[in-house]
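Index from 1, following the sequence. In listed order, ligands and their atoms are each counted from 1.
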Amino acid sequence: MNRKTHHRACHLCEAICGLVIETDGADIVSIKGDKSDPLSRGHICPKAIALKDLHTDPDRLRTPIKKVRSENGEDYWEDISWDEALDTTAAQLARVIAEHGVNAVGIYMGNPSVHNYGMMTHQGNLFQHIRSDNRFSATSVDQLPHHLTSLWLYGHKLLIPVPDVDNTDYLLMLGANPLASNGSIWTVPGVKKRLKALTARDGKLVVIDPRRTETAGIASEHQFIRPGTDALFLLALLNTLFSEHLTEPGALAGFTSGLDAVSTAIEVFTPDFAAAHTGIAADTIRRIAREFAAADKAVCYGRMGVSTQAYGALCQWTIQLINIATGNLDRPGGSLFATPAVDTLMTSSPGGHNRHQSRVRNLPEFDRELPAACLAEEITTPGEGQIRALFTGAGNPVLSTPNGQQLDTAMEGLEFMVSLDPYINETTRHADIILPPTSPLEHDHYDISFHLFAVRNTTRHNEPVFDKPEGSLHDWEIFNQLGNRLALLLDKPEQPAMAPHEIIDLGLQVGPHNEKGLSLEKLRQQPSGIDLGPLQSQLPQRLATPQKRICCDTPEAIADLGRLQEDFQKPDSTEFRMIGRRHVRSNNSWMHNYHRLMKGRDRCTLMMHPHDMDRLGIETGARATLSSRVGSVDVTVEGTDEIMPGVVSLPHGFGHDRQGVRMQTAVSHAGVSCNDITDDQYLDQLSGNAAVNGVPVTVCPS
Ligand SMILES: Nc1nc2c(c(=O)[nH]1)N[C@H]1C(S)=C(S)[C@@H](COP(=O)(O)OP(=O)(O)OC[C@H]3O[C@@H](n4cnc5c(=O)[nH]c(N)nc54)[C@H](O)[C@@H]3O)O[C@H]1N2
Ligand SMILES: Nc1nc2c(c(=O)[nH]1)N[C@H]1C(S)=C(S)[C@@H](COP(=O)(O)OP(=O)(O)OC[C@H]3O[C@@H](n4cnc5c(=O)[nH]c(N)nc54)[C@H](O)[C@@H]3O)O[C@H]1N2
Ligand code: SF4
Ligand SMILES: [Mo]
């Protein structure tokens, strides 16, 4: 018996719950919620237990592999040494750069990179040598409109305020289902309890969603909305606030301008106009606006469902303006900015927009990244700047980005591809070399991203649960070593290797809570985390805008109102619009390989309203063909009045039955990829964000 107790924050989602992990030698005996964590207070979800499965998964790669072609033309994988893997990768990248320039190297970074602090601190060690315009990430299938809006209004892409759920009286929520997702751009562990406490103290939770979700199920009120029409609903709310003189910026007035100009610009977006398209009655919209204004403390919050749609940026901009116009920004019970102990705001660029455009389709960059929706065409379209080599890190764009099938095919034409990833999945199967990092439990952990969006200021660092296996490398070490090898080939200086924890130690000492004497040593003594107190009002000091002012009349957003108005001149004749869906036992595309999360009934079903099913002659359990401009898939239909008529819902992240995927459990629950239906041409044109929600589709019995 060699029992040990470890403390560790869960890195799987944005809730960053504290865990207590019991081990016996190399075995994990139990994983429980850490009641002493000042933020999560013992909360966990089923995914935390699956950390054990992730750690022990025989499909998880432990050594680098390269693809070899046999004499009969078949590909197989061969284990190779780290030296061979890193040298070959560096040589291939250097060759492509020498022959075709840096833009010939494409880079795609996925979601788990943001949850793994070593990847955040050290990716620059490699990417500084590849200053390619062809950089992509999961941001442009997700939260890009939030960043853009924050850049416009608050001067920095990361200055995103979060709902002060524990103190608010009125929470208006659109396009989010935190009961399944555990909260997003809103680190709010145990969100269900917090939402229930809100309604228990006679507060109101209003959910606007085309599906009566788990969150809607505990709300005070739920309104169905036609997918992709939220901008009209939100503008109608703001319009009502202006026309009924319900605006009251309060303390914000001293450093805010432009609301009058916005009021004029949105005059046509009345509740009646919105009602015709959203399906929400004009009187209901007016009532919600009045309730919101009348509440002592209110906050409007919108997430995935209103970001990844055709007017994602307008939605997020209007949400901020509603909070500003009613004086609820930067106010307890409204929305507040967090102050993390390691303040990434101090070290990251504020972001920028449209400083260059994609080569083929002229889509705007944001923060030096191009929209993921144009990755495939940048690989397949010949000419100067065509992507010939691709680096992917912690991403699975074949399943995660619109028209994934097209990208799947495009990857076959690459001269070289390398993936930093522990699995051979739908994307990495195209790589020539896969570089697998250590298991998450084999490296230390500090959350560098999500304290910025947390409902309370706390900080924690945790030591690795297990020793690093001999001959393995952490993600950050791979970045560092690959960067140095590439530097050598490009005649550039090597980068000294400061470990991530040393960077954090410095960050703590110069951060906003340094007067509390924070250091890594101090955090090590309190492995359940240190409480740094509730979020505080901090405007205008925290603003990163010129003169620390908020200018509400953002020219780009106001210009986009014309597109919105024009698009909604006519009623929508689309038969069905498709939306996504998350389940608490899943996590995007990569957690389907763990039996304990996959047991139970099939989750990759197409939800459809019984009226629509009757009309089409489809029954629950029957197969139907779901089609869009870009493709079609066969799915099992699940009838439910949870979903509004004219809308169908299919989760993303499935479609594991592609040849060569080495994830046994996932393959046996393959499902279909909803991103074989989402359209690479269907975007929020303003931000470049993919519109994976509200996609026009047809359904017919198969
Ligand atoms: N269990 C689990 N947790 C996760 C993840 C996961 O895959 N599984 N993924 C993580 C990631 S990367 C993220 S970004 C977050 C996302 O976190 P959330 O934003 O909370 O994500 P969803 O659960 O997809 O909620 C989106 C909601 O928008 C609704 N919706 C779709 N279209 C529209 C529309 O046009 N208008 C409106 N008003 N609503 C619409 C959907 O019905 C859905 O209820 O979750 C994170 N947490
Ligand atoms: N239709 C539709 N599409 C969507 C969404 C939707 O709601 N609907 N949601 C979008 C959202 S919000 C997101 S964030 C994206 C996610 O899109 P991606 O980030 O591209 O995909 P993931 O499924 O998160 O894949 C994560 C990859 O990281 C690997 N990985 C996990 N942990 C580590 C690690 O510690 N190190 C390394 N090196 N690799 C690791 C996994 O093996 C997997 O290959 O999908 C988007 N796509
Ligand atoms: S809610 Fe998120 S952070 Fe918490 S245990 Fe579940 S997956 Fe981990
Ligand atoms: Mo995401």
Side-chain angles (χ1 to χ4, degrees), residues 11-15 45-47 54 60 108-116 118-119 137-139 141-143 173-186 207-216 223-230 233 278 302-311 315 372 392-402 404 419-428 435-440 443 474-475 478 577-591 593 643 647 649-653 663 673-675 677-678 690-695:
H11 69 290
L12 294 173
C13 91
E14 299 175 41
C45 85
K47 285 189 294 300
L54 163 59
R60 185 171 62 79
Y108 176 93
M109 292 296 285
N111 168 278
S113 65
V114 191
H115 295 263
N116 176 331
M119 291 190 93
S137 78
T139 292
V141 258
D142 187 352
Q143 80 285 5
M173 187 185 293
L174 302 95
N177 184 13
L179 261 59
S181 70
N182 283 301
S184 185
I185 317 219
W186 188 29
V207 171
I208 313 286
D209 199 299
R211 190 184 139 226
R212 193 171 59 251
T213 59
E214 296 83 345
T215 309
Q223 297 287 342
F224 286 118
I225 187 165
R226 283 199 201 111
T229 64
D230 299 79
F233 170 81
T278 56
R303 208 26 213 111
M304 260 295 293
V306 289
S307 287
T308 49
Q309 56 158 278
Y311 295 94
C315 286
T392 71
N396 191 3
V398 166
L399 293 193
S400 311
T401 64
S419 295
L420 173 55
D421 202 286
Y423 284 105
I424 306 176
N425 63 20
E426 299 72 17
T427 295
T428 62
L435 309 169
T438 47
S439 139
H443 59 75
H474 300 311
D475 281 287
I478 299 170
R577 295 214 173 243
M578 180 177 77
I579 61 168
R581 174 165 100 236
R582 280 179 162 73
H583 191 282
V584 74
R585 287 178 180 269
S586 184
N587 195 8
N588 296 323
S589 77
W590 70 281
M591 290 200 70
N593 210 38
I643 193 118
V647 181
S649 163
L650 187 68
H652 75 288
M663 300 180 80
S673 175
C674 89
N675 284 318
I677 300 295
T678 59
V692 294
N693 283 298
V695 181

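For the pair S586 and ligand 1, a heavy-atom separation below 4.0 Å is found. Within the structure, the closest approach of G580 to ligand 2 does not fall below 4.0 Å when heavy atoms are considered. For K47, the heavy-atom gap to ligand 1 drops under 4.0 angstrom. Contact between H115 and ligand 2 is absent, with no heavy atom of the residue lying under 4.0 Å from the ligand. At least one heavy atom of T213 sits under 4.0 Å from some atom of ligand 1.
For a threshold of 3.5 Å applied to N or O pairs, the pair formed by D230 and ligand 1 contains at least one separation below that value. Below 3.5 Å of separation, one finds no N or O of R585 facing any N or O of ligand 1. Remark: ligand 1 and S181 share an N or O pair separated by less than 3.5 Å (distance only, no angle test). In terms of polar-atom proximity, defined here as any N/O pair under 3.5 Å, P227 makes no such contact with ligand 1.
Scanning the protein heavy atoms around atom 29 (C) of ligand 1, the nearest turns out to be D209 OD2, 3.1 Å. Looking at atom 25 (O) of ligand 1, its nearest protein heavy atom turns out to be N177 N, 3.3 Å. Among protein heavy atoms, the minimum distance from atom 6 (C) of ligand 1 is reached at R582 NE, 3.4 Å. The shortest contact between atom 31 (C) of ligand 1 and any protein heavy atom is with N693 OD1, 3.4 Å.
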* **Candidate pair Q143 and S307, rule side-chain contact (heavy atoms from CB on, under 4.5 Å), full reasoning** => CA-CA 6 Å; Q143 80 285 5; S307 287; 5.5 Å; no
